[in-house]
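Just so you know, these numbers come straight off a predicted model, no measurement behind them. Labels below follow one simple rule: chain letters A, B, ... track the order of the sequence lines, proteins then strands, and each chain is numbered from 1. What's counted below: heavy atoms across the whole structure, side chains too, no hydrogens, waters or symmetry copies.
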Amino acid sequence: MEYVEEGPYRFRITRRGTMRVPGVVFASRELLRDAEMSLRQVVDVATLPGIVGASYAMPDVHWGYGFPIGGVAATDPGDGGVVSPGGVGFDISCGVRLLAADCDRRALQPVLHPLMDGLGRVVPRGAGPGGVWPVTGRQLERILRSGSRYAVEEGHGEERDLRRCEDGGAVADADPDQVDRRARERGLGQVGSLGSGNHFLEVQQVTQVYDESVADAFGITAGQVCVMIHCGSRGLGHQICSDHVRLMEKAMARYGITVPDRQLACAPVDSPEGRAYLGAMAAAANYGRANRQLLAEAARGVFRREAGARLTLVYDVSHNLAKTETHQVRGEPRRLCVHRKGATRAFPPGHPELPDDLRAAGQPVLIPGTMGTASYVLTGVPGGGAFHSTCHGAGRVMSRHEAARTTDGKRLRARLEGDGIAVRPVSWRGLAEETPEAYKDVDEVVAASEGAGLCRKVARLVPLGVVKG
DNA sequence: ATGTCC
């Protein structure tokens with residue numbers, strides 16, 4: 001794929017053929033090595049009806065279903081703009097929640113192993129059913145409508161949690177009627193569960209603070225112990241994605257839409273199929289937040305019992321969602337459907353949708369790294385090149401198959417434990433697939449994101465213990 | 001990512 005360097009950490013793929021907009025990739029040349037397949041996907045996304053500005057890719061871009069993971073695309077519903085389930089991904093509302101403990105590493109060290117054992121016992125994980133909060137059909141309906149707001153109403157959390165969650169814990173436009181029976185059945189037994197793959201619950205330590213005043217507003221400080229939870233909407237979100245991809249594949253011809261890859265199935269935002277998907281997707285987004293809310297509560301119980309420590313929510317943000325947002329397009333405010341797939345919303349200081357206590361600092365952006373390296377807290381910046389979006393993690397360089405082939409899970413655990421990282425895996429194969437070597441260097445990804453003007457570094461955290469999905 | 005194929 002041909003691209004030209006047009007700025008620091010910024011490359012352009014010139015518009016040609018059926019592309020409606022150019023491609024813009026934020027990365028270093030080093031990060032773009034072996035990115036051929038994902039750049040092809042950036043080009044394919046640029047052909048979607050109603051796409052605005054450019055088809056963007058973040059520095060952690062890699063190949064995904066239809067859209068690249070690390071892709072951002074905004075469409076204008078008033079100009080035939082489409083919504084595509086592939087632009088969100090199978091794990092709708094996959095995201096990260098960070099909590100700060102009222103203790104530092106030294107205070108925690110003596111109880112780290114019993115604490116990790118406790119977390120390992122209470123956190124349901126791996127494929128299939130199991131969740132800390134078994135719910136009835138009626139309760140699930142409330143979760144789909146009100147997300148973590150309902151969980152908190154039912155006693156699973158504190159009111160303050162909602163202020164520190166994207167959208168106050170729930171999006172208003174959820175339409176549970178668009179979530180069919182099968183998706184609901186899968187969702188019933190999985191509220192409060194990690195899942196598998198790259199999902200985890202980590203106990204971390206803040207090792208570096210790059211901006212004291214922003215970190216202070218977020219509620220984190222050097223040396224502090226934190227808990228990072230990375231998970232999504234489990235089988236419910238997966239089922240919704242599959243169901244609506246199928247509906248859209250059938251509907252596309254009727255709208256005269258052709259796409260270069262059938263995995264880019266889509267429908268106009270303002271169509272029955274588009275609205276149905278967005279309503280179901282929003283319901284899954286609420287499910288994802290409730291899921292993380294329940295896992296946070298489980299972690300709070302263990303921290304209280306084993307360490308006498310309290311966990312306070314820093315923030316909860318998704319990196320797999322499509323949202324209706326207002327953005328300036330050629331100086332005019334326009335309501336757009338912004339797809340972020342493996343890309344994190346990063347609102348700048350002063351953004352009207354931020355709660356009062358974050359208004360001056362900007363939106364906390366939570367970046368899960370790998371279990372052997374580091375994770376980051378970033379914040380949004382003015383300008384924000386790609387509809388206020390940035391990276392979402394380290395980004396894979398090795399396939400799951402290759403990682404499992406070249407890594408021995410037991411030896412990996414021994415290595416991590418030798419580095420002082422307590423590991424509570426659920427399967428050796430799952431652990432091996434997530435070996436740090438399977439990922440890009442998260443420090444480089446974050447440096448590229450900052451260098452490209454997408455975000456700013458606030459803090460770096462390293463793992464002390466990992467409960468692996 | 002996912003009751004890793006209805």
[X] [atom1] to [N] [atom2], straight-line distance once rounded to whole Å:
X	N	atom1	atom2	result
A:R246	B:dT2	CZ	P	19 Å
A:Y65	B:dC5	OH	P	14 Å
A:R125	B:dT4	CZ	P	20 Å
A:Q239	B:dC6	CD	C1'	11 Å
A:R182	B:dT2	CZ	P	16 Å
A:F90	B:dT2	CZ	P	12 Å
A:E433	B:dT2	CD	C1'	13 Å
A:Q263	B:dT2	CD	C1'	15 Å

Just call it for [X]: base, sugar-phosphate, or nothing, with non-hydrogen atoms closer than 4.0 Å on any strand.
X	answer
A:Q190	sugar-phosphate
A:R400	sugar-phosphate
A:G195	sugar-phosphate
A:G197	sugar-phosphate
A:G128	sugar-phosphate

Just checking, is any N or O donor in the side chain of A:R97 or A:Q293 under 3.5 Å from an acceptor N or O on the other one?
yes
Under a plain distance cut-off of 3.5 Å, with no hydrogens placed, do A:R234 and A:S193 share a side-chain donor-acceptor pair?
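Side chains of A:S193 and A:R234: pair found under 3.5 Å.
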Heavy atoms, side chains only, cut-off 4.5 Å: are A:R424 and A:L119 in contact?
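Counting from C-beta outward, A:R424 and A:L119 never come under 4.5 Å.
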Ignoring backbone atoms, establish whether A:S196 has a side-chain N or O less than 4.0 Å from OP1 or OP2 of B:dT4.
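Checking A:S196 against B:dT4: no side-chain N or O falls below 4.0 Å of OP1 or OP2.
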DNA chain B contacts made by residues 388-395 of chain A, counting heavy atoms under 4.0 Å:
none
For A:H238, give me all partners under ring-ring contact (aromatic ring centres under 6.0 Å, His included), at least two apart in sequence or on another chain.
A:F90
Strictly under 6.0 Å, is that where the ring centroids of A:H392 and A:H230 end up?
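Aromatic pair excluded; centres sit 6.0 Å or further apart.
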Between the main-chain N or O of A:G192 and the side-chain N or O of A:N291, is there a donor-acceptor pair closer than 3.5 Å?
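Yes.
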For residues 21-32 of chain A, which side-chain donor-acceptor pairs fall under 3.5 Å, sequence neighbours excluded?
from  : atom 1 : to    : atom 2 : distance (Å)
A:S28 : OG     : A:L31 : N      : 3.1
A:R29 : NH2    : A:E5  : OE1    : 3.2
A:E30 : OE2    : A:R33 : NH2    : 2.8

